[in-house]
Amino acid sequence: MRILLTSLVLGLALLGCAAPRGEQVTIRTIRADEDPGYGSFANTVADVIADPVTGAPVVAQGADPLKWPAGYTAWRVGPETEVLDETGELVLVTGHRYHLYFGIGGVSAVLRVEDCPPGSCPKLGFYLGNFPQG
């Protein structure tokens with residue numbers, strides 16, 4: 001009984017550490033019948049921010065919101081926005097730098113996202129293949 005109670009208290013404490021998810025944010029997604037094309041080795045390194053009015057992820061103040069595959073959703077978490085894939089896995093959190101891989105030959109949508117840990121992607125912009133380090 002003591003172990004069960006301890007586990008319950010620990011679980012509730014850990015649950016309380018996660019930031020509560022707020023309201024859902026409307027994001028642009030491709031329709032299920034649209035072809036996103038194919039992913040490319042070309043990528044854009046960008047600081048993704050939340051649009052101050054809509055909360056939608058954008059790469060610059062006043063830019064068009066990013067477009068995502070069908071089934072993706074976004075949610076407010078404090079001042080930032082989280083993007084989840086169709087399985088509910090976290091893909092992106094605004095306020096961070098990412099490699100964004102867009103579809104080519106179809107509807108332009110973000111098909112792959114790679115995190116840029118601090119100091120690993122010092123230069124913003126478009127890259128073909130490997131990006132400069134340092």
Side-chain angles (χ1 to χ4, degrees):
M1 182 67 177
R2 178 181 277 169
I3 292 174
L4 178 63
L5 185 57
T6 302
S7 298
L8 180 62
V9 169
L10 181 59
L12 289 173
L14 290 175
L15 183 63
C17 292
R21 205 170 265 152
E23 77 264 7
Q24 187 167 7
V25 173
T26 300
I27 56 173
R28 294 173 46 201
T29 57
I30 58 175
R31 295 186 320 264
D33 65 336
E34 288 182 305
D35 179 9
Y38 55 90
S40 168
F41 62 91
N43 65 88
T44 299
V45 175
D47 292 329
V48 181
I49 62 172
D51 179 275
V53 175
T54 66
V58 295
V59 295
Q61 188 77 24
D64 287 335
L66 296 169
K67 201 167 197 179
W68 301 91
Y72 278 50
T73 58
W75 302 85
R76 280 289 203 179
V77 177
E80 302 299 343
T81 298
E82 291 182 343
V83 176
L84 308 175
D85 68 12
E86 68 279 357
T87 67
E89 184 174 331
L90 182 64
V91 173
L92 176 142
V93 178
T94 58
H96 297 277
R97 183 169 289 183
Y98 292 96
H99 290 275
L100 303 173
Y101 296 82
F102 293 90
I104 293 178
V107 177
S108 183
V110 178
L111 297 183
R112 187 169 130 208
V113 176
E114 290 179 1
D115 193 25
C116 283
S120 69
C121 309
K123 297 180 182 175
L124 300 174
F126 177 78
Y127 297 98
L128 289 173
N130 292 334
F131 47 90
Q133 295 289 320

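Bear in mind that the values here come from a model prediction, so they are computed numbers and not experimental data.
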* To do: For residues L124 and D47, determine if any side-chain heavy atom of one lies less than 4.5 Å from a side-chain heavy atom of the other.
  => yes
* Evaluate the side-chain proximity of C121 to H99: yes if any heavy-atom separation is below 4.5 Å, no if none is. => yes
* Is a side-chain N or O of S120 found less than 3.5 angstrom from the main chain of P117, in a donor-acceptor match? -> yes
* Asked: Any side-chain heavy-atom pair from I30 and Y72 closer than 4.5 angstrom?
  -> no
* Are F126 and V110 in one and the same hydrophobic cluster, where Ile, Leu, Val, Met, Phe, Trp and Tyr link if side-chain heavy atoms are under 4.5 Å apart? -> no
* Asked: Does T44 use its side chain to pair, donor to acceptor, with the backbone of A46 at less than 3.5 Å?
  -> no
* To do: Report yes if some heavy atom in the side chain of E114 is under 4.5 Å from a heavy atom in the side chain of Y101; otherwise report no.
  => yes
* Structure fact -> From the list L84, T73, I27, side-chain contact (heavy atoms from CB on, under 4.5 Å) with W68 holds only for I27
* Cluster link V59 to Y98, ILVMFWY, side chain under 4.5 Å -> yes
* Asked: Got V45 and Y127 here, is their nearest side-chain heavy-atom distance under 4.5 Å?
  -> yes
* To do: Apply the side-chain contact (heavy atoms from CB on, under 4.5 Å) test between L92 and each candidate in T81, L100, D85; give the one that qualifies.
  => L100
* Same cluster for W75 and V48 if Ile/Leu/Val/Met/Phe/Trp/Tyr side chains link at under 4.5 Å? -> yes
* Closest heavy-atom contact between A50 and G55? -> CB-O, 3.8 Å
* To do: Using a 4.5 Å cut-off on heavy atoms from C-beta on, say whether the side chain of Q61 contacts that of I49.
  => yes
* For residues L111 and P69, determine if any side-chain heavy atom of one lies less than 4.5 Å from a side-chain heavy atom of the other. => yes
* Donor-acceptor under 3.5 Å (E34 side chain, R31 main chain) -> yes
* **Separation between CZ of R21 and CZ of R76, rounded to the nearest 0.5 Å** => 13.5 Å
* For the residue pair F102 and S108, establish whether any side-chain heavy-atom pair is separated by less than 4.5 Å. => yes
* Treat each ILVMFWY residue as a node, draw an edge where side-chain heavy atoms are under 4.5 Å apart, and state whether L66 and L90 are in one component. => yes
